[in-house]
Amino acid sequence: MKTMRLFQAAILTMFVLNAFSAFAQKEKTVEVGGAPMYPSKNIVENAVNSKDHTTLVAAVQAAGLVETLQSAGPFTVFAPTNGAFEKLPAGTVETLVKPENKNTLTNILTYHVVSGKMGSKEIAEAIKKGDGKAKFKTVSGGELTAWMKGKDLYISDENGNQSKVTIADVFQSNGVIHVVDTVVLPKS
C-alpha cells in the first residue's frame, strides 16, 4: 500500500513537471535588461521589466504611447537602451519629456517603430532582396535603412546615424523588439 502511494506520488510529480516543462517550452523567453521577455505579453508589459529600458519606458509614458504599444499591432520596435539615450547631448532626454515637447518626443519614438512583425530573418531577406540594404517606412512617416556588417544587423536613420541591433528577435504578443545601441533620429 505504501509502495503504491509512493508510486502514485511519483507519477503525479512527473505529470506536474512535464506540464510545467511543456508550458516553459511554449513560453520561450529572451532575457533583456535582466528580465525575461515573454512572448505572451505585449511590448509594454515586457519593456517595463527591463532595467536597460527605463528611459525608453519613461519616454513612452511621457509621449502618451503606452496604450498604442499595448494594442494588437503588430509592431516592429527598434528599442534603444538607456546607454543609447545617454549618447544624446546632455539634457536632451530631460527636455524631450517635458509636456511642451510631446510632439517632438512622439515623432522620435514612433521613428523607431515599423508596422508589422519583422523578425531578423524577414529583415535579412529584405536586405538580400535589396542588394545589401532594405528600407522601411516608420510609423512616424520617416524611413530607416537596414543593412548587415558581417553577421551584425544595423539600422541607419535619414541623417546617416547608425545603430547596431544588440539583441534581435524578442517576440511579443503584438510584435517584435530588436534592442539597439543608438537612438536614431528623423530628418529635421
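Predicted, not measured: the structure shown is a model, and the values here were computed from it.
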Checklist line | ring pair (Phe, Tyr, Trp, His ring centres under 6.0 Å) pairs, two or more places apart, involving residues 86-109 | finding: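 Non-adjacent pairs meeting ring pair (Phe, Tyr, Trp, His ring centres under 6.0 Å): zero.
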Item checked: Pairs flagged by ring pair (Phe, Tyr, Trp, His ring centres under 6.0 Å) wherever residues 83-139 is involved - sequence neighbours left out ->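 Not a single pair qualifies under ring pair (Phe, Tyr, Trp, His ring centres under 6.0 Å).
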Check: Got a sec, which hydrophobics cluster with Tyr154, joining ILVMFWY side chains under 4.5 Å apart, including via others?
Finding: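 Traced through the cluster, Tyr154 reaches Trp147.
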Next item on the list: Under 4.5 Å between side-chain heavy atoms, chaining through other members, with only Ile, Leu, Val, Met, Phe, Trp and Tyr counted: pull out the rest of the cluster around Phe171, sorted by chain and number.
Entry: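 Under the 4.5 Å side-chain rule, Phe171 groups with Val176.
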Notebook entry, point to check: Which pairs count as salt bridge (Lys or Arg N to Asp or Glu O under 4.0 Å) when at least one residue sits in residues 147-157, sequence neighbours excluded?
Noted result: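 Output for this query lists Asp152-Lys164.
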Note to self: For residues 108-121, which residue pairs pass the salt bridge (Lys or Arg N to Asp or Glu O under 4.0 Å) check, not counting sequence neighbours?
What the structure shows: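 Applying salt bridge (Lys or Arg N to Asp or Glu O under 4.0 Å) to every pair that reaches into residues 108-121, excluding sequence neighbours, yields nothing.
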Transitively linked via ILVMFWY side-chain contacts under 4.5 Å: [X] with [Y]?
X: Val180; Y: Val183; result: no
X: Val170; Y: Val77; result: yes
X: Met37; Y: Ile43; result: yes
X: Ile167; Y: Ile123; result: no
X: Val114; Y: Val44; result: no

Checklist line | Minimum heavy-atom distance Val66-Gln61, with the two atoms named | finding: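 The answer is CG2-CG, 3.7 Å.
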Next item on the list: With side-chain contact (heavy atoms from CB on, under 4.5 Å) as the test, would you mind laying out the steps for Asn161 and Ser156 before giving the verdict?
Entry: CA-CA 5 Å; Asn161 299 310; Ser156 298; over 6 Å; no
Item checked: Listed partners of Lys135 passing salt bridge (charged side-chain N to carboxylate O under 4.0 Å, His left out), at least two apart ->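 Here the qualifying residues are Glu143.
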Note to self: Which residues pass the salt bridge (charged side-chain N to carboxylate O under 4.0 Å, His left out) test with Asp181, not counting sequence neighbours?
What the structure shows: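 Scan of Asp181 (salt bridge (charged side-chain N to carboxylate O under 4.0 Å, His left out), adjacent residues dropped) gives none.
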Tell me whether [X] contacts the main-chain N or O of [Y] through its side chain, where contact means a donor paired with an acceptor under 3.5 Å.
X: Thr138; Y: Gly142; result: yes
X: Asp169; Y: Ser120; result: yes
X: Ser163; Y: Thr182; result: yes

Margin query: According to ring-ring contact (aromatic ring centres under 6.0 Å, His included), who are the partners of Phe78, at least two apart in sequence or on a separate chain?
Written below: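 By the ring-ring contact (aromatic ring centres under 6.0 Å, His included) rule, Phe78 matches His178.
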Check: Got a sec, which residues hit side chain to side chain donor-acceptor pair (under 3.5 Å) with Ser173, two or more places apart in sequence or on another chain?
Finding: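 Testing Ser173 for side chain to side chain donor-acceptor pair (under 3.5 Å), a comparison that skips the adjacent residues, returns none.
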Can I get a per-line list of side-chain donor-acceptor pairs under 3.5 Å for residues 46-60, giving both atom names and the distance, sequence neighbours left out?
| from | atom 1 | to | atom 2 | distance (Å) |
| --- | --- | --- | --- | --- |
| Asn46 | OD1 | Tyr38 | N | 2.9 |
| Asn46 | ND2 | Tyr38 | O | 2.8 |
| Asn46 | ND2 | Gln172 | OE1 | 2.8 |
| Asn49 | ND2 | Glu45 | O | 3.1 |
| Ser50 | OG | Asp52 | N | 3.2 |
| Ser50 | OG | His53 | ND1 | 2.8 |
| His53 | NE2 | Ala79 | O | 3.4 |
| Thr54 | OG1 | Asn82 | OD1 | 3.4 |
| Thr54 | OG1 | Asn82 | ND2 | 3.0 |
| Thr55 | OG1 | Asn82 | OD1 | 3.2 |

Find out whether [X] and [Y] are in side-chain contact, i.e. whether some heavy atom of one side chain is under 4.5 Å from a heavy atom of the other.
X: Ile127; Y: Leu153; answer: yes
X: Asn159; Y: Lys187; answer: yes
X: Leu65; Y: Thr110; answer: yes

Check: After noting the C-alpha distance and the side-chain angles of Ile155 and Thr145, does the key distance pass the side-chain contact (heavy atoms from CB on, under 4.5 Å) rule?
Finding: CA-CA 5 Å; Ile155 57 170; Thr145 302; over 6 Å; no
Name the atoms and distances for all side-chain donor-acceptor pairs under 3.5 Å in residues 93-109, with sequence neighbours left out.
| from | atom 1 | to | atom 2 | distance (Å) |
| --- | --- | --- | --- | --- |
| Thr95 | OG1 | Gly91 | O | 2.8 |
| Asn101 | ND2 | Thr95 | O | 2.6 |
| Thr106 | OG1 | Lys102 | O | 2.8 |

Next item on the list: Show your reasoning for whether side-chain contact (heavy atoms from CB on, under 4.5 Å) applies to Val179 and Val165.
Entry: CA-CA 6 Å; Val179 178; Val165 173; over 6 Å; no
